[in-house]
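Notes for the one structure printed next.
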Amino acid sequence: MKFLDFRAEVAKVVAKACLSLGYGSVEVELSPPPNPSYGDLSCAAPIRVAQRTGEKPGDVAVKVAGEVSGLLPGCKYIGSISPHRGGFLNFTIAYPRFLLDSVNAVLDQHDFGERPQAGKSYAVEHTNVNPNKALHVGHARNLVLGDSLVRIMRYLGNQVQALNYIDDSGAQVADVIVGFRFLGIPDVPPEGAKFDVYCGDSVYTKVNKEYLSNPQLKEKQSLVLREIEKGSGDIAEYATGIVNRILADQLSTCWRLGASYDLLNWESQLLHSGMWAVMFGKMKSKGLVRLETQGENEGCWVIPDPETGEQKVLVRSDGTAVYVAKDIPYASWKIGLIGDPFGYDVYQGEQPDGRRLYSTTLEGGKSDVRFGGAQVAISVIDSKQRYLQRIVSKVLEGLEEGASSRYIHRGYEVVALSRATASQLGHDIEGEYAHMSGRKGLYVNVDSVLSRLKERAAEETRKRNPEQPQAFVDDVAEALAVAALRYELLKQDPDKLIVFDVEESLRFQGDTGPYLVYTYARARRILERAGERPALGEGGAVKLRAPQERNLVRKMSMMDMAADAAMEYLSPREMAKFAHDLAVAFNDFYEGVQVIREADAELRGARLALVDASSLILGRSLELIGVPLRSRI
RNA sequence: GGGCCCGUAGCCUAGCACGGAUCAGGGCGUCAGCCUCCGAAGCUGAAGAGGUUCGCCUCAGACACCGAGGGUUCGAAUCCCUCCGGGCCCGCCA
């Protein structure tokens, strides 16, 4: 987009000026000025030059500015340059040209900054909720982070496979099966309850409580685990049925949140695929694992711990692989260190973006799509697993040089519950917050949060639109609920713990998702009400000289830069911040100038064009973080 | 014991990845304004305590010196070191 062009022009011109002044080649650092009155872009190059030559930074700035001035006639988007005595060069944009090109690129060429399909191929894994319970808000943080990342990566022209790993053979699933088969808990939820919610809230917690007083039940758990791992027989088949029912409910929640996937990877199939044996063999031949013949790990295959250098068990003395070990074949498959043993079937269900969802199978598969073998794999997994992920990465590196740089763990801090919210759930806690726990029943389900948000939103929407039908209110309220939750989970630094408070999350004002959706709708309604086509020509572009207008167009032309930053740091939050900044710039513009009521037809048309373009960009940026749009709310 | 992350006003948060320009941006909460005119889910402004004959008076304070302290630097919220506080991880559990 145009701001990058402007930036590139500035960089070029400064480098050229420094060269002809005999300063040699300098690194041109560019940054936004601290105060908009300084200009649109700042360059600190004179300070660097001054450090080398011993001159005063301000003097260098004056000299460079003088030299640059001579180059300006050949520039498209640089309006002016002024030196600052601190050694900065401040550049302004040549707004009429810049405005015209930026706005019309959006309106005429539908250029939203997407990059050509020239990126890399990625496998992004996220969500990964054990199929024994409903999603809670902590899972939602994972989903929102991963799904937004996928959207942004695709926007930037990358080939992305969104993977959702289904751990259908773990202890958590076994617990639910134990409840149904050995505690006589009915496998039908009470009227009106979702099956996943029922399994998590009622069955799973009940079984775990029972374990404490009933040691024999633990034996049933290992029995179920063995049966599931075997993959055949009555219990295994029953478990498959239960898992499928839970998964279907979980996916409906994921889709409700706007996420979509390309593939469901079943752990049971991974285990039966024979991949582990292949990888284990490779590890042995590369000398990455060692069979201990004495000591406490006697009979186990171990690798050195990346942190302490101590031993880390990979294969138990009974020959079974530990949890991390399962990740090794999966990771290897993702980045193509092993052939693809899977076939793929279509998984029934309609995803929000219409993409087809596939599911791994070991029975050939009816589709000829292929997955795995990406250049880079990104796993969105909470930071607690950093240590284990490092082990996986280290093993991969041992198998193939450079592999660890193609296997990236995108960690994030978890979501905890505020004291007030925990208390509402019937838990008295000690500190200010408490970590969620499925076993203790201390968590807040996504569905329940969404329904509360929706209720609140519906109330407000009805108030504002008394004449609209219920379906309208319902649709808008749902969108606002999703917007509120996604934005709240995304806007925060992933390295910071989120203390979730139900009451707090019901806030729709200020820096929230609904604010963004509102701003978008507000802009679209202006266009609807205007009843005339936006039109921006040379004359109109000259008339757009209010600072609010210029701020708005400058901001909107930086969307691709926000995406680049999000990609570089694997942090979709950059896009969330951009959307918010743009919304603020729009509201500032809205308060500052009149659009429909402007008497000058040319200026009115130009402002309409600006409203149109900037709102489309806002809409596009919201799509990239999965915040749903409505042209009216 | 080893490792990772966090610590910015009453509360929440941005800025840290490349150290710079005058008040370190926002939001929430509180108070006061702005809809006969493009959507008020928005925008603007304010913010010590006590007393009061309601005009002022008295005291306090110059509205986050970025957890504390050092160091590097012309310059540090940002880089380095130490410490303090909080969280997490280090199983032949998953």
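Numbered from 1 within each chain, the chains take letters A, B, ... in sequence-line order. Because the structure is predicted, anything quoted here is derived from the model rather than measured. Atoms considered below: every heavy atom in the structure, side chains included; atoms not considered: hydrogens, waters and symmetry mates.
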So what does [X] touch, heavy atoms closer than 4.0 Å: a base, only the sugar-phosphate, or nothing?
| X | value |
| --- | --- |
| A:Glu568 | nothing |
| A:Phe508 | base |
| A:Arg525 | base |
| A:Ser317 | base |
| A:Ile47 | base |
| A:Gln389 | nothing |
| A:Gln492 | sugar-phosphate |
| A:Tyr412 | nothing |
| A:Lys326 | sugar-phosphate |
| A:Asn297 | base |
| A:Pro57 | nothing |
| A:Arg48 | base |
| A:Glu298 | base |
| A:Asp588 | nothing |

Between [N] and [M], how many Å separate the two [atom1] atoms, rounded to a whole number?
| N | M | atom1 | result |
| --- | --- | --- | --- |
| B:U8 | B:U78 | C1' | 12 Å |
| B:G10 | B:A64 | C1' | 12 Å |
| B:A9 | B:A77 | P | 15 Å |

[N] phosphate, OP1 or OP2: any side-chain N/O from [X] under 4.0 angstrom?
| X | N | value |
| --- | --- | --- |
| A:Lys496 | B:A14 | yes |
| A:Tyr515 | B:G27 | no |
| A:Arg507 | B:C12 | no |
| A:Lys577 | B:U13 | no |
| A:Arg419 | B:C11 | no |
| A:His435 | B:C88 | yes |

Verify the ring-centre separation between A:Trp301 and A:Phe280: is it less than 6.0 angstrom?
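Under 6.0 Å, so yes.
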When the aromatic ring centroids of A:Phe508 and A:Tyr515 are compared, is their separation below 6.0 Å?
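Ring-ring flag for A:Phe508/A:Tyr515: false, centres at least 6.0 Å apart.
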Quick one: the side chain of A:Arg85 and the base of B:A21, do they pair up donor-acceptor inside 3.5 Å?
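Absent.
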Residues that A:His84 engages under ring-ring contact (aromatic ring centres under 6.0 Å, His included), provided they are two or more places apart:
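Once residues adjacent in sequence are excluded, the partners of A:His84 under the ring-ring contact (aromatic ring centres under 6.0 Å, His included) criterion are A:Tyr38.
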Would you please say whether a donor-acceptor pair under 3.5 Å links the side chains of A:Ser268 and A:Asp168?
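Yes, side-chain donor-acceptor contact under 3.5 Å.
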Test item: side-chain donor near acceptor, A:Ser31 and A:Ser42, under 3.5 Å
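No, because no side-chain N or O of A:Ser31 sits under 3.5 Å from a partner of the opposite role on A:Ser42.
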Chi-based syn or anti call at B:C18, which uses purine or pyrimidine torsion atoms and a 90° bound:
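What B:C18 shows is an anti base, its glycosidic angle lying more than 90° from 0.
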Start at the 5' end of RNA chain B and walk down; is the nucleotide closest to A:Leu89 or to A:Arg316 reached first?
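Per heavy-atom nearest nucleotide, the more 5' residue is A:Leu89.
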Looking only at atom types and distance, does a side-chain atom of A:Asp501 sit under 3.5 Å from a main-chain N or O of A:Glu504, one as donor and one as acceptor?
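Flag set: sc A:Asp501 to bb A:Glu504 pair under 3.5 Å.
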Review item, nucleotides 66-68 of chain B N/O atoms under 3.5 Å of protein N/O:
none

Where each pair must be Watson-Crick or G-U wobble with both distances under 3.5 Å, what dot-bracket representation of RNA chain B is obtained, with crossing pairs in [ ] and other-strand partners as |?
(((((((..((((......[....)))).(((((.......))))).((((....)))).......(((((..]....))))))))))))....
